[in-house]
Amino acid sequence: MLGKVLVRRIGRKEIRAVITETEAYHGLKDKASHAARGKTKRNAPMWGAAGHWYVYFVYGNHWMLNLVTGPEEYPAAILIRGISKIKNQKSKFRRSASQTLIKNKDGVVSGPGRVAKFLKIDGSLSGRPASRKTGLWIEDGGEKIKPSRIKAAARVGVNYAGKEWAGKKWRFKLL
DNA sequence: TAAGTGATCTCT
DNA sequence: GAGATCACTTAA
């Protein structure tokens, strides 16, 4: 997902942003994953088909945006932790040709709570497919990402999961 | 480093 | 219905 373009449609407006940071939550055994404590109404989308959103609310403040991955009935999802804005192209340009990354500091949205807030995402998207129809989807950025540009680190805020799972370097950042 | 914040889940 | 928990952010 790193380097892909996340697109959010709000009314007539489309916001485009490159995904720059993610975290993986993988299977029932991953103690840091919501799935480890069994299927509930909230986390049910994790067991669903890949390509659907899983959105939930934490700490009384923040919506977290995840994309469900993996086969059906296997709970896995990717948390989107950071994006970098792209200038909106004029409609006369072709989408693929006119995207330019905003490289200055203002173009960076860092932290999953901020990402959701910036894109005006809430729980109503949870369980819905990533598609133009739902107003939130992913497009190919047209850029090949070399593995050397990806930095792996331990996931954030999951110390409760114990050393084995909190220590997994499943946080990925595009450099 | 700590507090705020409220949905969700577990236990009565 | 009460109590605990929490994939975070912000201000000190």
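Sequence lines set the chain letters: A, B, ... in the order given, protein chains first and strands last, and positions in each chain run from 1. All heavy atoms count here, side chains included; hydrogens, waters and symmetry mates do not.
- One finds no salt bridge joining A:Asp122 and A:Lys117 here, because no Lys/Arg side-chain nitrogen approaches an Asp/Glu carboxylate oxygen to under 4.0 Å.
- Close to B:dT8, at under 4.0 Å from its OP1 or OP2, lies no side-chain N or O of A:Thr40.
- By the 4.5 Å heavy-atom criterion applied to side chains, A:Leu65 and A:Trp53 are counted as neighbours.
- Mapping heavy-atom proximity under 4.0 Å, the span of DNA chain C touched by chain A runs 5' to 3' from C:dC6 to C:dT10.
- Each of A:Arg114 and A:His34 was assigned the nucleotide of DNA chain C with the nearest heavy atom; the assignment lying further toward the 5' end belongs to A:His34.
- In plain terms, the two heavy atoms of A:Met64 and A:Leu79 that are nearest each other are CB-CD1, 3.9 Å.
- For residues 49-74 of chain A, proximity to DNA chain B is found at A:Phe57, A:Val58, A:Tyr59, A:Gly60, A:Asn61, defined as any non-hydrogen atom under 4.0 angstrom from a strand atom.
- A salt bridge does not link A:Arg9 with A:Glu14: every distance from a Lys NZ or Arg NE/NH1/NH2 to an Asp or Glu carboxylate oxygen is 4.0 Å or more.
- A salt bridge links A:Arg171 and A:Glu21; the closest N-O separation between the charged side-chain nitrogens and carboxylate oxygens is under 4.0 Å.
- Between the side chains of A:Tyr56 and A:His62, not a single donor N or O lies within less than 3.5 Å of an accepting N or O.
- Taken from CH2 in A:Trp170 to OG in A:Ser33, the straight-line distance is 9.5 Å, to the nearest 0.5 Å.
- For the pair A:Arg155 and A:Tyr25, the cation-pi test (distance below 6.0 Å, angle within 45°) is passed.
- Across all strands, A:Arg42 comes closer than 4.0 Å only to sugar-phosphate atoms, never to a base (heavy-atom distances).
- In this structure, A:Lys29 does not pair ionically with A:Glu164, as no charged nitrogen and carboxylate oxygen lie closer than 4.0 Å.
- Look at A:Arg149 and A:Glu143 and you find a salt bridge, because one of the NZ, NE, NH1 or NH2 atoms lies within 4.0 Å of a carboxylate O, short of that distance.
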Structure string for DNA chain C in dot-bracket form, Watson-Crick and G-U at under 3.5 Å, | interchain: ||||||.||||.

